[in-house]
Amino acid sequence: MAENGRKEKIKWTTTIIISSSLKYFSLLLLNSSIGSCEVATALENRSHKIRYSDSVENGSIIFSLSGLAFLLMDVKECFLSAEEIFLAKIEKFINIHQKSFLVLSAALHGPEEWKLMFRIQQRFLGSNLRILPVHNTVNAINLMCTIAKTASKPYTDSICYRMITTEAYIIEQSPVWKTLQKLKLSSDSFNPN
């Protein structure tokens, strides 16, 4: 505990498996709002252990501790390629990873970008894919790290404990609960059994 009574923040680090395509600047993402090299560097700067792999899908980032996988795609890349190509890439990705996120990057998410996200959602409705629209590298890294952190074992246990404690406190302090307890007690006194 810190002297001021608040808990000190513990720095969260994990091992992250990154597609080798993100190690060096990729030509596909050359003009995107998320530079591939920037993502790897930003994660390294947060003191995470980075492992590069040729065996994962290009543009993939896998947080091993939480079991989450993120696929980085740029909206421009989707518009330039045939729809079947990027949909096949997404489908292959979600078939491999149970907890999958599509990080869809655009400097501005206008009507065309939202239509694209809607088409992807319709295509993968009922699957384990979640779509995260982002604007830049910082936004993408913050979202991915926050989601991965809250899904990792020590944090899920902590969150569950806090939710149970909060629920118990609310029930204990609830005027409705107190009234119900009084009614139950008064109804027990009238019960002849």
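Please read these numbers as outputs of a predicted model, since none were measured by experiment.
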Between CZ of Arg130 and CZ of Phe101, what distance do you get to the nearest 0.5 Å? 4.5 Å
For Pro133, is there any backbone N or O sitting under 3.5 Å from a side-chain donor or acceptor partner on His109? no
Least distance between heavy atoms, Ser66 atom then Ala148 atom: CB-O, 3.3 Å
Val56 reachable from Leu129 in the ILVMFWY side-chain graph, under 4.5 Å edges: no
Measure across Ala106 and Glu113 and return the closest heavy-atom pair with its distance rounded to 0.1 Å. CB-CG, 4.0 Å
Nearest-0.5 Å distance, CD1 of residue Ile96 to NZ of residue Lys92: 5.5 Å
Using side-chain heavy atoms (C-beta onward) and a distance below 4.5 Å, is Asp74 in contact with Leu104? no
Distance-minimising heavy-atom pair for His135 and Ala107: ND1-O, 3.2 Å
With side chains defined as the heavy atoms from C-beta onward, is the minimum distance between Phe63 and Ile17 less than 4.5 Å? no
All heavy atoms of Leu71 vs all of Ser60, minimum pair found to be CD1-OG, 4.1 Å
Counting neighbours of CD on Gln98 that are heavy atoms of other residues, nucleotides or ligands and sit closer than 6.0 Å, is the number greater than 12? no
Check whether any side-chain heavy atom of Leu132 lies under 4.5 Å from a side-chain heavy atom of Leu102, and answer yes or no. no
How about Leu143 and Val103: do any of their side-chain heavy atoms sit closer than 4.5 Å? no
Correct closest heavy-atom pair for Ser64 and Thr15 would be OG-O, 2.9 Å
Within a 6.0 Å radius of atom CZ on Phe79, are there more than 12 heavy atoms belonging to other residues, nucleotides or ligands? yes
Same cluster (ILVMFWY, side-chain, under 4.5 Å), Leu68 and Ile141: yes
4.5 Å side-chain heavy-atom contact, Cys78 and Met73: yes
Measure the CD1-CD1 distance between Ile18 and Ile62 for me, rounded to the nearest 0.5 Å. 10.0 Å
Drop me the distance from Leu72's CG to Ser19's OG, to the nearest 0.5 angstrom. 9.0 Å
So Phe70 and Ile16, do their side chains get closer than 4.5 Å, heavy atoms only? no
How many angstroms lie between atom CD1 of Ile85 and atom CD1 of Ile90, to the nearest 0.5 angstrom? 12.0 Å
Nearest 0.5 Å please: distance from the CD atom of Glu77 over to the CZ atom of Phe86. 9.5 Å
Using side-chain heavy atoms (C-beta onward) and a distance below 4.5 Å, is Ile131 in contact with Gln121? yes
Glu57 vs His97 side-chain heavy atoms within contact, under 4.5 Å: no
Do you reckon Leu116 sits in the same ILVMFWY cluster as Trp114, going by side-chain contacts under 4.5 Å, direct or chained? yes
